[in-house]
Amino acid sequence: LVLESGSFTALLGSNGAGKTTTLLSIIGQARVHAGRISFDGDDLVGRSTPSTCGKGIALSPEGRQLFPSLSVQENLEVGALVGAGRARKADSLERVFSTFPLLHERREQISSTLSGGEQQMLAIGRALMSDPRLLLIDEASLGLAPIVVERVFELISAINASGVTVLAVEQNVSVVEHADAVYVLEKGTIVSGGATATIGTQLRSEILAAYLGEEAS
């Protein structure tokens, strides 16, 4: 799996394929027994999560994992405790509020009272607070209505367009419409992948049917 700097890459696969494990391995939250994870030429294997975040990598986790009793702004400020965001918290906060104006409107609201889509925006915004160069996003579409999913994907595309490299793990195939490259993971192994411009048709037929259990349209 190779991520081009500045790209939006999607990693697709069914439950149990190893998608989340891939992200946790990159961020330093899963033990790597073999292989190499390289970022800007540095091997990340064996690094702690704070050390990895300090390299410019952030994770928006599956299930959002917000602090439910904290306000929107307090949740965001937690994201600035590591990485480059610590020194530029005010700038990072302004950037997140510019990307997600709704979070600015709700900045004093307790996070547990937000809708699912709003909570997902907050989880992504919290990850952005560390001012990452690589943003890992795990199942942003989980539990969201289709119209909300599309809006979330559009916002992720805008983040990518601002210069942040994105690796998004998904089961929702509509992410392909926004990605520059897509890979399909099956039982821990990449079985297909490449630029969306060249494999889009294949994704909608053979890959979807074979690896995600969906009928081609």
Side-chain angles (χ1 to χ4, degrees), residues 1-11 18-100 103 107 111 119-140 142 152 155-170 179 183 185:
L1 175 62
V2 178
L3 306 181
E4 296 292 337
S5 179
S7 68
F8 182 165
T9 301
L11 181 62
K19 304 185 302 300
T20 295
T21 301
T22 298
L23 298 190
L24 295 181
S25 297
I26 294 171
I27 204 71
Q29 293 185 359
R31 180 174 296 180
V32 178
H33 297 279
R36 187 167 185 263
I37 302 172
S38 178
F39 184 68
D40 280 350
D42 293 334
D43 194 350
L44 299 183
V45 175
R47 284 181 177 266
S48 66
T49 298
S51 173
T52 302
C53 291
K55 293 287 293 180
I57 303 175
L59 170 67
S60 175
E62 182 180 8
R64 296 137 198 172
Q65 298 185 30
L66 301 175
F67 296 94
S69 64
L70 299 185
S71 69
V72 166
Q73 182 160 332
E74 287 169 336
N75 266 278
L76 291 174
E77 289 174 345
V78 169
L81 294 177
V82 295
R86 181 190 290 269
R88 298 194 292 270
K89 183 169 72 172
D91 290 341
S92 295
L93 195 60
E94 183 177 350
R95 177 189 181 192
V96 170
F97 283 154
S98 176
T99 304
F100 303 101
L103 296 184
R107 61 189 180 278
S111 64
Q119 289 187 17
Q120 186 60 64
M121 293 177 194
L122 179 54
I124 296 172
R126 182 181 58 186
L128 286 175
M129 286 293 294
S130 66
D131 196 19
R133 289 182 294 139
L134 171 59
L135 176 61
L136 310 175
I137 304 177
D138 197 353
E139 297 280 11
L142 189 65
V152 168
L155 289 167
I156 295 172
S157 293
I159 292 167
N160 171 242
S162 74
V164 180
T165 304
V166 173
L167 174 59
V169 153
E170 272 295 338
Y183 292 86
L185 191 66

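Start at 1 with the first residue, then count along the sequence. Quick caveat: nothing in here was measured; it's all calculated off a predicted structure.
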Practice task
Please tell me if the side chains of V169 and L136 come closer than 4.5 Å, counting only heavy atoms from C-beta onward.
Solution key: no
Handout entry: Min side-chain heavy-atom separation I137-I156 under 4.5 Å
Key = yes
Problem - Within 6.0 Å of CD in Q65, more than 12 heavy atoms from elsewhere - result: yes
Problem - side-chain contact (heavy atoms from CB on, under 4.5 Å) between R64 and R126, worked out - result: CA-CA 10 Å; R64 296 137 198 172; R126 182 181 58 186; 5.9 Å; no
Fill in the blank from the handout: CD1 of I26 to OG1 of T52, rounded to nearest 0.5 Å, is 10.0 Å
Problem - Heavy-atom side-chain proximity of L44 to I57 below 4.5 angstrom - result: yes
Problem - Any V96 side-chain heavy atom under 4.5 Å of M129 side chain - result: yes
Problem - From I27 atom CD1 to S51 atom OG, the distance as rounded to the nearest 0.5 Å - result: 10.5 Å
Handout entry: F97 side chain reached by L76 side chain, heavy atoms, under 4.5 Å
Key = yes
Fill in the blank from the handout: Output for pair (L134 CG, S5 OG), nearest 0.5 Å, gives 9.5 Å
Completion exercise
Heavy-atom closest pair (F67 atom, S111 atom, distance to 0.1 Å) is O-OG, 2.9 Å
Problem - Within-4.5 Å side-chain heavy-atom neighbours: K55 and R47 - result: yes
Practice task
Specify the closest pair of heavy atoms between F100 and I124, including all atoms of both residues, with the distance to one decimal.
Solution key: CZ-CG2, 4.0 Å
Problem - Inter-residue atom distance S98.OG - L103.CG, 0.5 Å rounding - result: 11.5 Å
Exercise for the section: Please say whether more than 12 non-hydrogen atoms of neighbouring residues, nucleotides or ligands are located less than 6.0 Å from CD in E94. Expected result: no
Practice task
Please lay out, stage by stage, how L24 and L59 fare under the test side-chain contact (heavy atoms from CB on, under 4.5 Å).
Solution key: CA-CA 9 Å; L24 295 181; L59 170 67; 4.0 Å; yes
Completion exercise
Distance col, row E77:CD vs S71:OG, nearest 0.5 angstrom, shows 7.0 Å
Exercise for the section: Measure across E62 and T20 and return the closest heavy-atom pair with its distance rounded to 0.1 Å. Expected result: OE1-OG1, 3.3 Å
Handout entry: Sidechain-backbone polar pair: T22 side chain, G18 backbone, donor-acceptor under 3.5 Å
Key = yes
Problem - Where L11 and L167 come nearest, the two heavy atoms and their spacing - result: CB-CD1, 4.3 Å
Exercise for the section: Locate the shortest heavy-atom distance separating Q73 from L93; write the atom from each residue and the value. Expected result: NE2-CD2, 3.7 Å
Exercise for the section: Taking the side chain as every heavy atom from C-beta outward, state whether R95 and D131 have any pair of such atoms under 4.5 Å apart. Expected result: yes
Practice task
Starting at NZ of K19, measure out to CG of L185 and round the result to the nearest 0.5 Å.
Solution key: 7.5 Å
Exercise for the section: Examine distances only and state if a side-chain atom of E170 and a backbone atom of A140 form a donor-acceptor pair shorter than 3.5 Å. Expected result: yes
Handout entry: Other residues, nucleotides, ligands: >12 heavy atoms within 6.0 Å of R31 CZ
Key = no
Handout entry: Minimal non-hydrogen separation, S60 against A127, with atom names
Key = N-CB, 4.1 Å
Practice task
Flag the pair D40 / R133 as yes when at least one side-chain heavy-atom distance between them is below 4.5 Å, and no otherwise.
Solution key: yes
